[in-house]
Amino acid sequence: MPKQRLLITGASGAVGTLLRPLLRDRYDLVLTGRKSIETVDGEEAVAGDITSRDFVEEITQGVDGILHLAGAVGKSLTYEETIGPNYDALLHLLEACRRKRIERFIFASSHHIVGMLPSNREWDESATIAPDGFYGLSKAFGEAACAMYALKFGIRTLVIRIGNADPKIVDGRRERIWISGPDLAAIVHQGMESANLTYEIVNGVSKSGRPLLSRRPTGQIEYEPVSHSGGNRASDFRPLETLTEGDGISYVGGLFAADELPTPFDRSDSRT
């Protein structure tokens with residue numbers, strides 16, 4: 001039986017680089033990013049800009065599913081900086097799924113969608129949306145857009161609110177939201193293969209001694225993490241008790257929550 005073809009946007013980023021070797025034995029990977037990507041067996045790559053509808057039309061031809069990792073990320077992003085990569089590009093991809101009847105869509109959301117919630121308890125996927133900046137706000141739009149296209153057009157859609165996927169954990173807050181490559185790949189497998197999936201949100205985290213994000217199973221996917229954040233600390237790891245309000249210790253989003261919010265529009269612009 002031929003492998004499914006999975007398009008990965010943002011394939012040269014940190015998460016894409018982490019996932020590619022864990023996915024290519026199971027799927028034929030179509031990789032895209034703004035720059036050229038060096039490939040191995042089981043991969044093909046096309047460089048381009050997914051804010052272009054014509055380019056999205058090209059790269060979505062003949063794929064069975066899309067793993068959408070690409071986007072502008074940063075705690076100091078302005079609203080304007082997110083419009084093309086985080087709003088327009090997503091809609092181009094969802095429209096391609098609708099027109100071409102691509103059956104599976106997996107959206108990389110973020111814990112920053114609930115970044116302003118306090119860090120003194122666990123939060124599951126029913127938590128109130130509380131973005132900690134314009135990056136998190138764009139993920140709230142993304143989740144809403146995914147829900148609309150999934151439920152209107154029957155695109156089986158999985159939203160992964162990724163915690164922290166760094167190879168090594170640098171501080172105690174990130175240790176509470178960390179996810180390993182194998183656990184993240186297991187969630188992607190569910191997004192591509194679960195027969196029960198319609199539209200689902202999952203907190204993308206591994207096991208932790210003091211978790212900040214937890215899982216509320218709904219029966220749409222089957223995911224139980226196998227990795228544990230303990231023992232994966234960086235050499236310069238900062239324990240939780242040493243973090244301060246300047247680090248955003250009181251919030252799910254950490255530094256993103258502590259950072260000053262940029263002005264969304266240029267105040268010299270006289271348009272109303």
Side-chain angles (χ1 to χ4, degrees), residues 8-11 13-19 50 66-79 81-91 93-94 105-119 122-147 157-167 169-171 173-181 183-185 187-188 191 199-206 208 211-216 223 225 229 247-248 251-259 261-262:
I8 303 179
T9 70
V15 176
T17 301
L18 176 72
L19 285 175
I50 58 172
I66 298 172
L67 172 57
H68 182 36
L69 302 176
V73 184
K75 60 186 177 67
S76 300
L77 282 176
T78 65
Y79 168 67
E81 288 171 325
T82 64
I83 293 173
N86 295 11
Y87 291 81
D88 295 348
L90 173 63
L91 288 179
L93 290 163
L94 288 171
F105 191 81
I106 305 165
F107 176 57
S109 187
S110 169
H111 70 284
H112 292 294
I113 195 174
V114 292
M116 291 306 300
L117 295 179
S119 61
E122 291 182 37
W123 299 95
D124 67 19
E125 295 89 349
S126 67
T128 299
I129 299 300
D132 52 23
F134 289 113
Y135 169 65
L137 184 64
S138 73
K139 292 302 183 182
F141 167 82
E143 291 192 9
C146 285
T157 301
L158 181 61
V159 170
I160 310 173
R161 290 181 180 168
I162 298 174
N164 176 266
D166 291 340
I169 303 167
V170 299
D171 64 39
R173 184 191 70 86
R174 291 175 175 88
E175 191 170 45
R176 300 177 68 191
I177 59 171
W178 181 76
I179 185 166
S180 70
D183 280 345
L184 189 51
I187 300 177
V188 173
Y199 173 76
E200 172 76 310
I201 300 169
V202 58
N203 281 332
V205 290
S206 292
S208 169
L212 187 50
L213 300 176
S214 58
R215 175 88 178 97
R216 183 185 68 164
Y223 168 65
S229 61
D247 299 309
Y251 300 97
V252 171
L255 284 170
F256 280 56
D259 201 45
L261 187 70

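Residue numbers start at 1 and run along the sequence shown.
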Test side-chain contact (heavy atoms from CB on, under 4.5 Å) on D247 and D171 and set out the steps. CA-CA 10 Å; D247 299 309; D171 64 39; over 6 Å; no
Enter the distance from I179:CD1 to S208:OG here, rounded to the nearest 0.5 Å. 12.5 Å
Rounded to the nearest 0.5 Å, how far does CZ of F107 lie from CG of L69? 10.0 Å
Counting distance only, does the side-chain N/O of N203 pair as donor-acceptor with the main-chain N or O of V205 below 3.5 Å? no
So, S206 side chain and S180 main chain: donor-acceptor pair closer than 3.5 Å or not? yes
Taking the side chain as C-beta and beyond, is there a heavy-atom pair between W123 and T128 under 4.5 Å? no
If you round to the nearest 0.5 Å, how far is CG of L77 from CG of D259? 10.5 Å
Nearest-0.5 Å distance, OG1 of residue T9 to CG of residue L67: 6.5 Å
Side chain of H112, backbone of G136: donor and acceptor closer than 3.5 Å? no
Between R173 and V252 (side chain of the first, backbone of the second, donor and acceptor by atom type, cut-off under 3.5 Å), is there such a pair? yes
Between L19 and I8, is there a side-chain heavy-atom distance shorter than 4.5 Å? no
Between A108 and I162, which heavy-atom pair has the shortest distance, and what is it? CB-CD1, 4.0 Å
For A127 and V114, work out which heavy atoms get closest and say how close. CB-CG1, 4.2 Å
Tell me whether K139 contacts the main-chain N or O of N86 through its side chain, where contact means a donor paired with an acceptor under 3.5 Å. no
Are F141 and T82 close enough, and set up right, to give a side-chain contact (heavy atoms from CB on, under 4.5 Å), and what steps lead you there? CA-CA 11 Å; F141 167 82; T82 64; over 6 Å; no
Looking only at heavy atoms, the pair that brings V15 and A165 closest together is CG2-CB, 4.4 Å
Using 0.5 Å steps for rounding, measure from the CZ atom of R216 to the CD atom of E200. 8.0 Å
Non-hydrogen atoms of P225 and Y223 that approach each other most closely: CB-OH, 3.3 Å
Does the side chain of E81 come within less than 4.5 Å of P262's, by heavy atoms? no
Begin with the C-alpha distance, continue with both residues' side-chain angles, and end with the deciding distance and a verdict on side-chain contact (heavy atoms from CB on, under 4.5 Å) for S109 and I201. CA-CA 9 Å; S109 187; I201 300 169; over 6 Å; no
Between F256 and G74, the two heavy atoms sitting closest are CE2-C, 3.5 Å
Where do D132 and Y251 land on the side-chain contact (heavy atoms from CB on, under 4.5 Å) test, with the steps shown first? CA-CA 9 Å; D132 52 23; Y251 300 97; over 6 Å; no
Heavy-atom side-chain proximity of F105 to L90 below 4.5 angstrom: yes
If the test is side chain to side chain donor-acceptor pair (under 3.5 Å), which one of H111, E125, E143 qualifies with R161? E143
State the OG1-CD1 distance between T78 and I83, to the nearest 0.5 angstrom. 8.0 Å
Which pair of heavy atoms, one from I50 and one from H68, lies closest together, and at what distance? CD1-CE1, 3.7 Å
Would you call the rings of Y87 and Y79 parallel, tilted or perpendicular, taking 30° and 60° as the class edges? perpendicular
